[in-house]
Each structure stands twice: as C-alpha cells, then as structure tokens.
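Below is one structure, written out as structure tokens, with a few remarks after it.
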Amino acid sequence: MSDIVLILDNVRSAHNVGSAFRTADAFGVDKLYLGGICPVPPSPELRKVALGAEEVVPFEQVSDVVALVGQLRADGYTVVTVEQTVRSVKLDAFRRSPGAKYALVFGNEVSGVQQEVVDAADFSLEIPQQGTKHSLNVSVSIGVVLWSLVQGVNR
C-alpha cells in the first residue's frame with residue numbers, strides 16, 4: 001500500500017479522469033475518489049485513456065467532496081489540495097512524513113479545487129513553474145505530484 005489516495009474534485013474531462021486512473025495504477029495509489037461531475041467507468045472515453053487501469057484501481061464516486069475530506073481526516077489522512085494559494089507549500093520544499101497517509105485533491109480544469117475543499121484541507125501544495133501560464137493540465141499535475149511523493153519515500 002502506498003498510503004496515498006487521490007480525490008478528483010469536479011474534473012470534467014473523461015480523458016483526464018482516464019489518465020488519473022492510469023497514473024494511479026503506475027504509482028500504486030490505494031484508491032481514487034471521483035467527486036461531483038467526474039465521469040465514471042464504464043465511460044468509453046475514460047477507458048480509451050485508462051487502458052484497463054479503471055479495472056484494477058479501486059474507486060468510489062462521491063457527491064460531496066467536503067464531506068469526504070472530513071471523513072478522510074477522521075481516518076488519519078493528511079488532506080492536501082494541489083492548488084496555488086497564498087500559503088501553499090512548494091512541491092520541491094515538501095517532504096513526506098514517514099508513515100503518514102495522504103489524500104491528494106486535484107481540481108477542475110478551469111476553476112481548480114473548490115474553495116470549501118481548500119479550506120477543509122490540511123494544506124495546499126503548489127508545483128513550482130517558470131512559464132507565463134503557471135498552469136498545468138490536471139493529468140500532468142497528478143503525475144508530477146505522485147512522482148515527487150514516491151521519490152520522497154525512496155530518498
């Protein structure tokens with residue numbers, strides 16, 4: 001077990017959700033929560049990108065991401081939104097605590113993570129960027145953050 005779960009907060013693109021399944025499988029994520037408007041299997045578009053990962057990564061559809069965050073915190077998870085905020089921690093400065101369980105929240109392609117979810121989380125992580133857009137596709141962000149957290153365990 002990786003002690004990492006992913007929460008997709010209203011990610012609207014089936015391709016991005018399919019990519020999340022595939023990346024979750026690659027990094028051994030324990031579970032994927034699909035919140036709000038996220039497409040769910042057996043969506044043909046999702047399956048096209050997931051390449052079968054949706055059959056091996058445990059998932060759950062949830063309507064209320066804020067309530068899920070509260071439940072996961074009660075279950076001992078540190079809930080981390082991946083979002084640019086005034087107090088976000090830069091990913092390259094973050095060190096994973098040994099034995100800690102993490103729930104990583106990734107948001108909608110346009111509006112990001114809901115403010116109520118950001119407020120309910122323990123903290124936010126931000127991927128340092130040097131370009132002018134300061135934005136990555138959510139599926140890319142998932143890969144970057146998971147790689148960094150898994151590397152942090154192996155350092």
Checklist entry - Between N16, T23, L104, N137, which is the residue that forms a side chain to side chain contact (heavy atoms under 4.5 Å, CB included) with I142? => result T23
Checklist entry - Where do V11 and F106 come nearest, in terms of heavy atoms and distance? => result CG2-O, 4.1 Å
Checklist entry - Is there side-chain contact between L32 and L8, with heavy atoms separated by less than 4.5 Å? => result yes
Checklist entry - Are E109 and S13 close enough that some pair of their side-chain heavy atoms sits under 4.5 Å apart? => result yes
Checklist outcome for this item: Between H134 and Q129 the two heavy atoms that sit nearest each other are C-OE1, 3.1 Å
Next on the checklist: If we ignore hydrogens and angles and just use 3.5 Å, is the side chain of D25 paired with the main-chain N or O of V56 as donor and acceptor?
Outcome noted: no
Next on the checklist: Taking the side chain as everything from C-beta on, heavy atoms only, tell me whether D3 gets closer than 4.5 Å to R96.
Outcome noted: yes
Checklist entry - Is any side-chain heavy atom of L34 less than 4.5 Å from a side-chain heavy atom of F21? => result yes
Next on the checklist: For residues V118 and V110: do they belong to one hydrophobic cluster (side chain heavy atoms under 4.5 Å, members Ile, Leu, Val, Met, Phe, Trp, Tyr)?
Outcome noted: no
Checklist outcome for this item: On a heavy-atom basis, the closest approach of R12 and P39 is O-CG, 3.5 Å
Checklist entry - How long is the gap from NZ on K101 to OG1 on T78, to the nearest 0.5 Å? => result 9.5 Å
Checklist entry - Side chains of D122 and V80: closer than 4.5 Å at any heavy-atom pair? => result no
Checklist entry - When the ring planes of F94 and F123 are compared, do they come out parallel, tilted or perpendicular, using 30° and 60° as the limits? => result tilted
Item to check | Heavy-atom closest contact (S88 atom, E126 atom, distance) | outcome: OG-OE1, 2.5 Å
Checklist entry - Applying the 4.5 Å side-chain criterion to the ILVMFWY set and letting contacts propagate, would F59 and V29 be lumped into a single cluster? => result yes
Checklist entry - Rounded to the nearest 0.5 Å, how far apart are CG of D64 and CD of Q71? => result 11.5 Å
Checklist entry - What are the two closest heavy atoms between V113 and G107, and how far apart are they? => result CG2-N, 3.5 Å
Checklist entry - Side chain of N108, backbone of N10: donor and acceptor closer than 3.5 Å? => result yes
Checklist entry - Are L91 and L149 side-chain neighbours, meaning at least one heavy-atom pair lies under 4.5 Å? => result yes
Checklist entry - Is I7 reachable from Y102 through a run of hydrophobic residues whose side-chain heavy atoms are each under 4.5 Å from the next? => result no
Checklist entry - Linking I/L/V/M/F/W/Y whenever any side-chain heavy atoms sit under 4.5 Å apart, do V5 and M1 land together? => result no
Checklist entry - Does any non-hydrogen side-chain atom of E45 lie less than 4.5 Å from one of V49? => result no
Item to check | Heavy-atom closest contact (E54 atom, L46 atom, distance) | outcome: CB-CD2, 4.0 Å
Next on the checklist: Is the shortest side-chain heavy-atom distance between L146 and L6 below 4.5 Å?
Outcome noted: yes
Checklist entry - With no hydrogens and no angle check, do the side chains of T85 and E83 hold a donor and an acceptor under 3.5 Å apart? => result no
Item to check | Spatial distance of atom OG (S124) from atom NZ (K90) [nearest 0.5 Å] | outcome: 12.0 Å
Next on the checklist: Under 4.5 Å between side-chain heavy atoms, counting indirect links through other Ile/Leu/Val/Met/Phe/Trp/Tyr residues: same cluster for Y77 and V65 or not?
Outcome noted: yes
